[in-house]
There are 2 protein chains.
Amino acid sequence: MSSKYRESGVDIDAANRAMKRIGEHVKATWGKEVLSEVGNFGGLFELPKRFSNPILVSSADGVGTKLKVAFLSGRHDTVGQDLVNHCTNDILVQGAEPLFFLDYFACGTLDPEVVADVVKGLAAACGENGCALIGGETAEMPGFYAGGEYDLAGCIVGAVDRDGLIDGSAIAPGDVVWAIPSSGLHTNGYSLARRIVFDEMGLGVGDELPGTGRTVADELLQVHRSYLPEYRELKKRIEVKGLAHITGGGLIENIPRILPPGCSVEIDVSAWDPPPVFKLFEERGGVERTEMYRVFNMGVGMIFITNQGSEVSVAESKCRWEPFPIGRVVEGDRKVILET
Amino acid sequence: MSSKYRESGVDIDAANRAMKRIGEHVKATWGKEVLSEVGNFGGLFELPKRFSNPILVSSADGVGTKLKVAFLSGRHDTVGQDLVNHCTNDILVQGAEPLFFLDYFACGTLDPEVVADVVKGLAAACGENGCALIGGETAEMPGFYAGGEYDLAGCIVGAVDRDGLIDGSAIAPGDVVWAIPSSGLHTNGYSLARRIVFDEMGLGVGDELPGTGRTVADELLQVHRSYLPEYRELKKRIEVKGLAHITGGGLIENIPRILPPGCSVEIDVSAWDPPPVFKLFEERGGVERTEMYRVFNMGVGMIFITNQGSEVSVAESKCRWEPFPIGRVVEGDRKVILET
C-alpha cells in the first residue's frame, strides 16, 4: 500500500519495529510493582508497601548538548545512562529512592538501531538504580532535527517517607561540606566544552584530549555518575543534613538551593585538584576562574553536608568514590564563597 | 563580566529570568499536596489520602509537529494545553485521575516570552485537570533547534485505586463502542497535514482552510480536548468497560490496545460525518480511506465501551461533547474492522 504518511516523513512501521527491539531491555527493569504491559497507554506502578507515609519526588531533565558528542562518536548507549543517573541524583538530594522512569526520544528520521542503543543505556541505568523504565515516547518529527540527530529527555518518579525527607533545614553554621568526585563533565557545560574542543582547538572525537590521557570521545562521554549507592552507604553511618547535585550553575548556584536562611558556605578550592579536563578548558578556553565554577562541576558531582566530627565515619563508608571535605557552613545569606 | 558560556550560546541569566516569569503560572496549579518550592531539585507531592490502594499511572508524550503550526502562527499558549490534555487522556483510559505534570522545553535560543506563553498553556490545562505543574526542564541547546523553534514534551503521573483500574478485561462481544468528538486533529497527523496544507495547497496560516470556515492557524491549532470531565460524568451513570484515546494510529491501532483476547471491534464509518478538515485532507491530499483512519482521529477523540442498553444513561450524562455509538464488539482477534 502506498503511504502518504510515510512520504511526509513519518514511518509508523519503523516505530513499531523499534518498539519490538526495545521491549526486552525495558522489561528487564520491571519488578513486581509494574502492572502494565509494553504498549499500554499508561504505565502502571503499584507503590511499594515499605512506604508508610510516602512523598513522591519527581524530576524532569534532558541530556543537553552532550548528545552532539554522541552523534559525532556514533555511540548511543551511554547518553541514556547519563539521563537516568542525572535524574536519580536530582531526587536523591531530597532523600528519595527512584521508582520509575519515562523517557522522551525525538528525532527527524527514526533509526531503530539508534533507538535500541539509547534505550539499552536507559535500561542499564534504570536497572542499576532499581528503577522501572515504565514508559516513554518515541517521536519522529520531520523537519525538527538534523539528519542523525535526536533529543533525549526523561522524567523520574521516586518516593521517600515523610520522616526521611531531606530539605536542608537542619544545616547550621559549623557543618562540614563534603564532595563526592564526578566523572568528567557529567551532563553540564557541553556547549562551551564543544566550542573549546572542536571549534577553538580543532580536535576530532578520536584525537587525544591533551593532558587527559583519553580521546575526546572517551573523556566527554564519560557516564554521569549515580550517587544513590554512596548515599545509602553514608546514611548508615552519619546524618546527611543536605545534598546538592552539582549540575548547571556548578557549586556556586546549586549549593544555595539547599541552604536554610542564615547560612552560607565557604568552599576551599585548594582542597582538591580539578581533573585535567577542567584545567585544559580554563587555559585553552580563556574562561575566567569564577565562571569555570559556575559552568562546570570542577570534579565534584555531589556535595553533602554533615555535622563536624563525622570524618571517621565518612572514611569508613564503602563509597566507590571517596568523599573529601571541601568547605564549611558559615553564617550568611545563602551564598557560596570560593576561597583560594 | 565577560562570559564564555554566553558566547557559546547558553545564557544562564536569561534562563533565570524565564524561571521568574513562569513561577506564578506554575504555583497557581499547586494544591496542598505540593510540598516543594520553585527551584527545588525535585518536585514533592504527597499522595492524597483518598486512595486506599493506589496504583500510579504515568505517561510521557510530546506535542509533535503541531509545534510547527504554532511557530508559523506565533501562538505559543495553546501547545502546552495540547500536551497536558493529551497526557491526561492517556492515563484516563486506565481510570486514573491526574496528580502532577512535569514538562521538558528545549530550544536553540531561549526567548523568555515564548517560554512564559508555553508555560501559561501548560498551567491552564493543569489547572483544568486538577493537576499540579510540579517540575520541568528548560534547556537551551545551541545548534539543535532552528531559530524560533523548540520542542515540548512532558510527563504526567496520576493515580487510581486498584479496584477502579480499567484494563478492558470486562469487554465482551455485543458491547457497544461509543465515540466522543474531537476538536480537529488533536496532536496527530501533523506531518502529513502540513504537507497537504502548506506544500501541496500552498496556503499560509492566515488563509482560510477551504470548507472549515476557519483560518489554517485556527483550525490546526484547536486545542486537544481533555475527556476527564466526560469520564467523570459517564461513570456516574454507566459501567465504562474500556476507553481508548485516539492518537497516532487512529481508531485502527488504538482500539486493539484495550481489547481482551477473543474480541474485535466493528466500526460503522457511516455512523458519523468526519469534520470538513478530514474530508479536505482525503480529497486534496489523495490519501487512501484506510490510511486516513490510521493517521487521523477522523473526528473521534476518545472511544469508550459499554454494555448494550446504556443509550439512555449516556444520553442523560452531562458531557460537553455528546457521545454517539459507532460500532460494536464482535468475536475476533483484537482487530478493528471498518464497515462502510
Side-chain angles (χ1 to χ4, degrees), chain A residues 1-5 8-10 12 35 39-47 54-62 64-65 68 90-91 93-94 96 100 102-104 106 134-137 139 141-144 149 151 153 155 157 189 191-192 195 245 248-249 257 285-288 291 294-295, chain B residues 1-5 8-10 12 35 39-47 54-62 64-65 68 90-91 93-94 96 100 102-104 106 134-137 139 141-144 149 151 153 155 157 189 191-192 195 245 248-249 257 285-288 291 294-295:
Chain A
M1 191 181 84
S2 80
S3 167
K4 279 280 168 181
Y5 202 36
S8 76
V10 178
I12 293 180
L35 307 179
N40 277 171
F41 281 95
L44 303 180
F45 192 92
E46 184 166 27
L47 204 60
I55 309 291
L56 298 176
V57 186
S58 55
S59 183
D61 222 311
T65 65
K68 287 269 190 188
D90 271 350
I91 63 166
V93 301
Q94 283 159 325
F100 57 86
L102 300 97
D103 72 291
Y104 174 73
I134 205 175
E137 166 71 2
M141 296 166 68
F144 264 74
E149 300 206 348
D151 199 1
C155 171
V157 177
S191 292
L192 179 51
R195 183 175 155 147
H245 184 198
R257 296 167 75 177
V287 186
E288 299 253 357
E291 186 166 23
R294 200 179 179 221
V295 177
Chain B
M1 191 182 83
S2 79
S3 168
K4 279 282 168 181
Y5 201 37
S8 77
V10 178
I12 294 181
L35 307 180
N40 276 171
F41 281 95
L44 303 181
F45 192 92
E46 184 166 27
L47 204 60
I55 310 290
L56 299 177
V57 186
S58 55
S59 183
D61 222 311
T65 65
K68 288 270 191 188
D90 271 349
I91 63 166
V93 301
Q94 285 160 323
F100 57 87
L102 299 99
D103 71 290
Y104 173 73
I134 204 174
E137 166 72 2
M141 296 166 67
F144 263 75
E149 300 206 347
D151 199 1
C155 170
V157 177
S191 292
L192 179 51
R195 184 176 154 145
H245 185 198
R257 296 167 74 177
V287 186
E288 299 253 356
E291 185 166 24
R294 201 178 178 220
V295 176

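FYI, side chains are in, hydrogens and waters are out, and symmetry mates aren't considered; it's all heavy atoms of this structure.
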Which region of [X], side chain (C-beta onward) or backbone (N, CA, C, O), has a non-hydrogen atom less than 4.5 Å from a non-hydrogen atom of chain B, or is it both or neither?
X: A:Glu149; answer: side chain
X: A:Ala106; answer: side chain
X: A:Ile55; answer: both
X: A:Tyr104; answer: side chain

Backbone of B:Gly143 reached by a side-chain donor or acceptor of A:Lys68 within 3.5 Å: yes
Under 3.5 Å donor-acceptor, A:Thr65 side chain and A:Ser191 backbone: yes
Chain B interface, residue from A:Ala96, A:Ser58, A:Pro142 that has the most non-hydrogen pairs under 4.5 Å: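 Option with the greatest count: A:Ser58.
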Leading residue by heavy atom contact count with chain B [cutoff under 4.5 Å; candidates A:Gly64, A:Gly135, A:Ala139]: A:Gly64
Gap separating the SG atom of B:Cys155 from the CG atom of A:Leu102, nearest 0.5 angstrom: 4.5 Å
Distance, nearest 0.5 Å, that separates CD of B:Gln94 from NE2 of B:His245: 13.0 Å
Side chain / backbone / both / neither for B:Ile134 at chain A, heavy atoms under 4.5 Å: side chain
Proximal component of B:Val157, with respect to chain A [non-hydrogen, under 4.5 Å]: side chain
Residue selection (most heavy-atom pairs with chain A, distance under 4.5 Å) from B:Val93, B:Ile91, B:Asp103, B:Val57: B:Val57
Pairs of heavy atoms under 4.5 Å with chain A: top-ranked of B:Leu56, B:Leu47, B:Asp90: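 If we count pairs closer than 4.5 Å to chain A, B:Leu56 comes out on top.
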side-chain contact (heavy atoms from CB on, under 4.5 Å) assessment of B:Val295 paired with B:Val287: CA-CA 10 Å; B:Val295 176; B:Val287 186; 5.8 Å; no
